[in-house]
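A short worksheet on the structure shown next.
Quick note on labels: first sequence line is chain A, next is B, and so on, each numbered from 1. Heavy atoms only: backbone and side chains are in, while hydrogens, waters and symmetry mates are out.
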There are 2 protein chains.
Amino acid sequence: MKLTIKDIARIANVSPTTVSRVMNGKTEYVTQETQERVLKVIEETNYQPNQIARSLVTRETRTIGLVLPDIRNPFFTELSRGIEDYANQLGYFVILCNTDHKSEKEIQYISLLKDKYIDGLIVVSSLENPISHIKKITTENTPIVLIDHKANDEEINCVYFNNYQGGYLATKHLIDLGHKNIGCITGPLHVQSAVERFNGYKDALRDNNISFKDEFIFQGNYRYEDGIESAKYYKSIGVTSIFASNDLMALGANQKLAELGVKIPEDISIVGLDNITPIGISDSFLTTINQPFYEMGKTACSLLLDQLKGLIQTNKNIQFDATLVLGKSTAHPKK
Amino acid sequence: MKLTIKDIARIANVSPTTVSRVMNGKTEYVTQETQERVLKVIEETNYQPNQIARSLVTRETRTIGLVLPDIRNPFFTELSRGIEDYANQLGYFVILCNTDHKSEKEIQYISLLKDKYIDGLIVVSSLENPISHIKKITTENTPIVLIDHKANDEEINCVYFNNYQGGYLATKHLIDLGHKNIGCITGPLHVQSAVERFNGYKDALRDNNISFKDEFIFQGNYRYEDGIESAKYYKSIGVTSIFASNDLMALGANQKLAELGVKIPEDISIVGLDNITPIGISDSFLTTINQPFYEMGKTACSLLLDQLKGLIQTNKNIQFDATLVLGKSTAHPKK
DNA sequence: TATCTTATTGAAACCGATTTCAGAAACCGA
DNA sequence: TCGGTTTCTGAAATCGGTTTCAATAAGATA
């Protein structure tokens, strides 16, 4: 039979009130002696208070919800570890919810989480207009952090990556190596991140007096297959280098170009963006732009918990920088 | 201000008891008319009952705990999706806990989860003797499923992969292709799964009258680097094929052998084991043995929830079969 | 018509903690 | 010695549901 606070009170010959006080460290008005007596009983009986009963009155569950498209995506896996590690350190649990990019699933999950009285919510949203939707279904005072989204003003907490800078740096690297004919495999251009990466590419060209050429652009969809598909095209038009808007497409292009007899990086240099290193594989072949997923998760979680504890009041927008990671897939163009 | 069951009762002009009955479908003794009245009020006020208060009396949280070494490991990522999908379908939440293979972290997590009154627990344990440890810290009647572990009798629920069969099939495939000099990169031999895979290798040789040679064995640690390291050795002793006890080592060996000028599969065939396909990359190069992680997770979760609902009483041990996945890394040996 | 079921509803207890508030004891200054 | 603080403790209310049990009304039976 599970012990309750009343049992402990009876055994220690005090009231439940006192037991509660001792457990919660509100001992300023409890004598050293009774305190020790209670602690001894707790120790001996190995008593653990019922967290649900606690939650009912304290209104905190020490649990946060994490809603994201698919944990199998390496970005989100890494992100989730950043979040979980930080949360665990401060005694919080994380409930994981995969939405598979489906709006209904996302809304349903968030709504269910609300009923569960989680203390906070971290969301990588797939909704058209996440802020208004999410605010509609959550309680006024639940802290929320949106990842991979940028808000105006201080509407909501946001943590996101500087995609523009990523595209810019990748392209600049190729330019610095001496490339002038630089292809660009874009992401789906109805998605904000893809547009920004593309803008980074364009601006890097402009800033270095290289004219933008439409035929150098191949529109992809962030999939490996898009990279594969682009290969034949790029081989035929003869670029000396390619900036792929994500690593998956970069790897696809690399794979197919190699099969077509194109030497990487001698004939064509390739830069990716994301830095998704397959687990355990240390030697990185691909030159790419690092996106600090783990750090972003950690920051999102710390933002959330700070707000939870009232340490900060206003919402923040935090942007993460892109950095170049040198691999073996880029080199000077051949003369 | 959040509505409570009393508010609804007042508005609908009934007692909280009746509201509760209607919400829980215990309507056999509620007239159609009052039922509709209550439902209408719930609908109009958008009332959502407080799940914590419910849990306090029903003793169920509709939440299960998932404890595993590291979600970044593709096995566990896939496993977690199998679990989460199934749990979500039945209205359960999943709390994710990474132990980083540390015993203290695992024990601490399980103990904390117990206090939280989760309904069930799924564990991929890193403990020496998981069953006795886990049973010590959990309540008598919490359903538990162990993954990647095999129990005697019906001590506890287990879901695991037939590692022996995996090693056997991989080796048999090479033998069927005509190979006789078959190297084997083992896993860490203090780990059960590694021993079983190795035994599968040995028995496949024996059953086909190929003598076991000690010099064909390279002991690894399931890491990419171990594969890299083994390459020089295998090139020097001249095997025609290699069975690597996991995909990571297979990929490492492949990488390094290719660098050393060895043609795969013409000069040396390689078989892995695990079938960890990098996300989004469809064309599989490596011939390997599939381990059905997603299915295993799903089954573990269904086992847990069935037990939770009292649908099954006895504990079960469920074994999953290995299957061969043909890639481009194996071929007949050269004459 | 009197009695016995059966259908319908609600008052009150309960789950197991925290928190408010009041009372008792000890201490203190005049 | 006496009123006023301060220290220590516990009774009871509370959080928001579910469940038990009793009460009432309606219908059935004899």
To the nearest 0.5 angstrom, please state how far the [atom1] atom of [X] sits from the [atom2] atom of [Y].
X: B:His190; Y: B:Glu128; atom1: NE2; atom2: CD; result: 9.5 Å
X: B:Thr63; Y: B:Asp119; atom1: OG1; atom2: CG; result: 6.5 Å
X: A:Asn24; Y: A:Thr58; atom1: CG; atom2: OG1; result: 9.0 Å
X: B:Leu127; Y: B:His133; atom1: CG; atom2: NE2; result: 6.0 Å

Under 4.0 Å between any heavy atoms, over every strand shown, what does B:Tyr117 touch: base, sugar-phosphate, or nothing? Just pick one.
nothing
Under 4.0 Å, counting only non-hydrogen atoms across every strand here, what does B:Val19 touch: a base, just sugar-phosphate, or nothing?
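Contact class for B:Val19: none.
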Let's test your reading of the model: under 3.5 Å, does the base of [N] pair with the side chain of [X] as donor and acceptor?
X: B:Arg59; N: C:dG16; value: no
X: A:Ser55; N: C:dA17; value: no
X: A:Thr17; N: C:dT19; value: yes

Euclidean distance, atom [atom1] of residue [X] to atom [atom2] of [N] [Å, nearest integer]:
X: B:Gln48; N: D:dG16; atom1: CD; atom2: P; result: 15 Å
X: B:Arg54; N: D:dT19; atom1: CZ; atom2: C1'; result: 13 Å
X: A:Ile42; N: C:dA17; atom1: CD1; atom2: P; result: 10 Å
X: B:Gln32; N: C:dA7; atom1: CD; atom2: P; result: 16 Å
X: B:Asn13; N: C:dG10; atom1: CG; atom2: P; result: 8 Å
X: B:Lys6; N: C:dA13; atom1: NZ; atom2: P; result: 13 Å
X: A:Tyr29; N: C:dT20; atom1: OH; atom2: P; result: 14 Å
X: A:Leu56; N: D:dT14; atom1: CG; atom2: P; result: 14 Å

Does [X] put a side-chain nitrogen or oxygen below 4.0 Å from OP1 or OP2 of [N]?
X: A:Thr31; N: D:dC8; answer: no
X: B:Ser20; N: D:dT19; answer: no
X: A:Lys2; N: C:dC15; answer: no
X: A:Tyr47; N: C:dA17; answer: yes
X: A:Thr58; N: D:dC15; answer: no
X: A:Asn24; N: C:dT18; answer: yes

Among the nucleotides [options], which one has an atom lying closest to any side-chain atom of [X]?
X: B:Thr18; options: C:dT20, C:dT18, C:dG10; value: C:dG10
X: B:Lys26; options: D:dT18, C:dG16, D:dT19; value: D:dT19
X: B:Val30; options: D:dG16, C:dT9, C:dA17; value: C:dT9
X: B:Val14; options: C:dG10, D:dA11, C:dG16; value: C:dG10
X: A:Val57; options: D:dC15, D:dT9, D:dG17; value: D:dC15
X: A:Thr4; options: C:dA17, D:dA11, C:dC15; value: C:dA17

Mark yes or no for whether B:Ser111, through its side chain, and B:Ile107, through its backbone, hold a donor-acceptor pair below 3.5 Å.
no
Under 3.5 Å: donor-acceptor pair, side chain of B:Lys105, backbone of B:Asn98:
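Between the backbone of B:Asn98 and the side chain of B:Lys105 there is a qualifying donor-acceptor contact (under 3.5 Å).
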Going by the angle between their ring planes, with limits at 30° and 60°, are A:Phe93 and B:Tyr109 parallel, tilted or perpendicular?
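Rings of A:Phe93 and B:Tyr109: tilted, as their planes differ by 30° to 60°.
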Taking pairing as Watson-Crick or G-U wobble with both contacts under 3.5 Å, can you name the mate of C:dC14, or confirm there isn't one?
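C:dC14 is paired with D:dG17.
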Using both distances under 3.5 Å as the test, list the Watson-Crick or G-U wobble partner of C:dA30, or none.
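Its partner is D:dT1 (Watson-Crick or G-U wobble, both distances under 3.5 Å).
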Can you work out whether A:Thr34 or B:Ile5 has the more 5'-proximal nearest nucleotide on DNA chain D?
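Nearest nucleotide further toward 5': that of A:Thr34.
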